[in-house]
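This report refers to the structure that appears directly beneath it.
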Amino acid sequence: MNDIMTLNSPKDWKLHRLGQLFRERKEKGSDKDFSPLSVTMRGIVPQLESAAKSDDGDNRKVVRVGDYAINSRSDRKGSGGISDHEGSVSLISIVLQPRDIDRRFSHHLLRSPAFQEEFYRWGHGIVADLWTTRYSDMKNIRLRVPDLPTQREIADFLDRETARIDSLIEKKQQLVDMIAPRFEALIHVARETGDWRRFGYSAQTTMRPIPLSSGAAYVPLGLYNRGRGFFQKPETAYDDLGDSSFCFVRKGDLVFSGQFAWEGAVGLVSDKEHDCVVSHRYPVYTGIEGILSEYLFAYFRSHHGQFLMDNCSRGAAGRNRPLNTRILEKEKIPVPSIELQKQVATLIEFERRLKDKTSPSIDRLKEYRSALITSAVTGQIDVSTYARSGTTDRQLDAIQSEMQA
């Protein structure tokens, strides 16, 4: 097996196995004694009080300040980081104590796309959702690491440059986020002036089963949480779709995630998702005559609509809280005038066009950020000369120019 992390690193960087640079922390604890933390793509963050726990609160792993925690479910998403907090994490996390390595350097190194790919390759499992990398395997990953002064120089460089890139990403995202208060204001008017009707009298379920056609291929959809819309999965042959039943979606359909509606997972089908498919775990609705699906989408993205989705998602434990559509359809929602609904629909379209313009530039910045981190932690660039040459400035300027074009 070739080691991705050592292919392009300078030969004068010292070769280590990961287990020589980190020690696994096996300390167990309870969320009664340690504040619950979550291992995310943003790093190690305090767990929201409303978040459902994924395991027994009395049986968790302790994380100390300066430890590195990583999600053992090797999803290539970079879920992990150096913790600024003392607390506890899920048992599916691996907790590492940095030993002969700078903590900030290790944060960038283990979150780099190159390491995530290597981490994934050392995993095992039957299906993607259960693909796991254990510490017993992870500790054998080979890394080339420079001396401590160079590690700190690289960490300083990446802290500075990634902060600049993150600032640009945040500014672009803020343009889209500024629309949310306008939705809330319109929904507030709808609640004050609209007729309150059961959701089941305002929308109808829609079923368009895909034909039984061996050899055909379809594009399945998934939903992000917090009303952030759809993501498309790879095109999949009919025979590989699995045991779920699938239906087509059409532009204007309102789609809920049956598993994660309580997290705000709802979407409105656009031209991009037209003729894609969703499994039976995604209830599909369309507004009845006189009620626009765009308005319904905006309503369920509002605070009140998200409360309804959360309240109608029932479950016994953990994150298993499926949406009960029978209960949801009995809940009353405000139905305002068609004029107000059209205002909402116009705002939905404006938001879509704005996302279409900003998303590619945000993706470019994220790609550049990932490439910069990998190049720095594997020694493919000399950060001291790279910074003085102004290369990062020119590349960011070029991306900015494309963003404004």
Side-chain angles (χ1 to χ4, degrees), residues 4-5 18 21-22 24-25 31 34-48 50-55 60-98 103-125 127-139 141 143 158-159 162 165-166 169 173 222-226 228 231 233 257 259-260 263-265 318-319 362-363 366-367 369-374 377:
I4 295 173
M5 297 300 294
L18 185 140
L21 300 171
F22 300 87
E24 184 182 18
R25 185 185 293 281
D31 60 9
F34 296 90
S35 300
L37 302 174
S38 295
V39 180
T40 73
M41 290 185 288
R42 295 179 290 114
I44 314 305
V45 298
Q47 190 177 85
L48 296 175
S50 59
K53 296 179 176 59
S54 58
D55 51 38
R60 290 167 67 82
K61 291 184 177 180
V62 172
V63 173
R64 304 289 182 181
V65 174
D67 285 350
Y68 190 97
I70 186 169
N71 188 334
S72 66
R73 297 283 170 82
S74 351
D75 55 7
R76 294 165 163 158
K77 293 181 180 178
S79 299
I82 289 290
S83 181
D84 295 325
H85 314 277
E86 182 172 282
S88 66
V89 294
S90 165
L91 292 178
I92 67 171
S93 301
I94 299 171
V95 182
L96 305 174
Q97 297 173 261
R103 286 186 170 88
R104 290 184 304 128
F105 177 80
S106 70
H107 177 81
H108 292 295
L109 176 68
L110 270 59
R111 284 172 58 87
S112 68
F115 179 81
Q116 289 301 318
E117 186 67 25
E118 189 73 2
F119 184 66
Y120 182 87
R121 292 203 304 157
W122 284 81
H124 306 275
V127 294
D129 290 345
L130 298 177
W131 191 267
T132 301
T133 301
R134 302 181 181 88
Y135 177 72
S136 58
D137 293 312
M138 178 188 187
K139 68 181 182 181
I141 295 175
L143 307 167
L158 288 175
D159 285 349
T162 57
I165 297 169
D166 290 343
I169 292 173
Q173 187 59 50
L223 274 168
Y224 293 112
N225 62 4
R226 292 185 283 115
R228 292 179 295 155
F231 58 90
K233 301 177 183 179
S257 168
Q259 301 301 115
F260 298 105
E263 287 189 320
R319 295 172 62 84
I362 290 175
D363 290 342
K366 288 180 177 179
E367 289 172 5
R369 186 184 192 278
S370 296
L372 186 66
I373 291 172
T374 295
V377 298

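What you are looking at is a predicted structure, and each value in this text was computed from that prediction instead of being measured.
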[X] versus [Y], closest heavy-atom pair with distance:
{"X": "E86", "Y": "V65", "value": "N-CG2, 3.8 Å"}
{"X": "K366", "Y": "I169", "value": "CG-CD1, 3.8 Å"}
{"X": "A265", "Y": "L223", "value": "O-CD1, 3.8 Å"}
{"X": "L37", "Y": "R60", "value": "O-NH2, 3.4 Å"}
{"X": "P98", "Y": "Y68", "value": "CD-N, 4.3 Å"}

Could you check if a side-chain atom of [X] sits within less than 4.5 angstrom of a side-chain atom of [Y], using non-hydrogen atoms only?
{"X": "V63", "Y": "V39", "answer": "no"}
{"X": "I94", "Y": "F22", "answer": "no"}
{"X": "L21", "Y": "S106", "answer": "no"}
{"X": "T132", "Y": "R73", "answer": "yes"}
{"X": "M138", "Y": "E24", "answer": "no"}
{"X": "F34", "Y": "V89", "answer": "no"}

Short question: side chain of [X], backbone of [Y] - any donor-acceptor pair under 3.5 Å?
{"X": "R103", "Y": "G66", "value": "yes"}
{"X": "S83", "Y": "I44", "value": "no"}
{"X": "T374", "Y": "A371", "value": "no"}
{"X": "S72", "Y": "I92", "value": "yes"}
{"X": "K61", "Y": "V95", "value": "no"}
{"X": "Q116", "Y": "L110", "value": "yes"}
{"X": "R111", "Y": "M41", "value": "yes"}

Rounded distance [0.5 Å steps], [atom1] in [X] versus [atom2] in [Y]:
{"X": "L96", "Y": "I70", "atom1": "CG", "atom2": "CD1", "value": "7.5 Å"}
{"X": "T133", "Y": "W122", "atom1": "OG1", "atom2": "CH2", "value": "10.0 Å"}
{"X": "K233", "Y": "F231", "atom1": "NZ", "atom2": "CZ", "value": "5.5 Å"}
{"X": "I82", "Y": "D67", "atom1": "CD1", "atom2": "CG", "value": "7.5 Å"}
{"X": "F115", "Y": "I141", "atom1": "CZ", "atom2": "CD1", "value": "4.0 Å"}
{"X": "R42", "Y": "D166", "atom1": "CZ", "atom2": "CG", "value": "12.0 Å"}

For atom CZ of R64, decide whether the heavy atoms of other residues, nucleotides or ligands shown that lie under 6.0 angstrom number more than 12.
-> yes
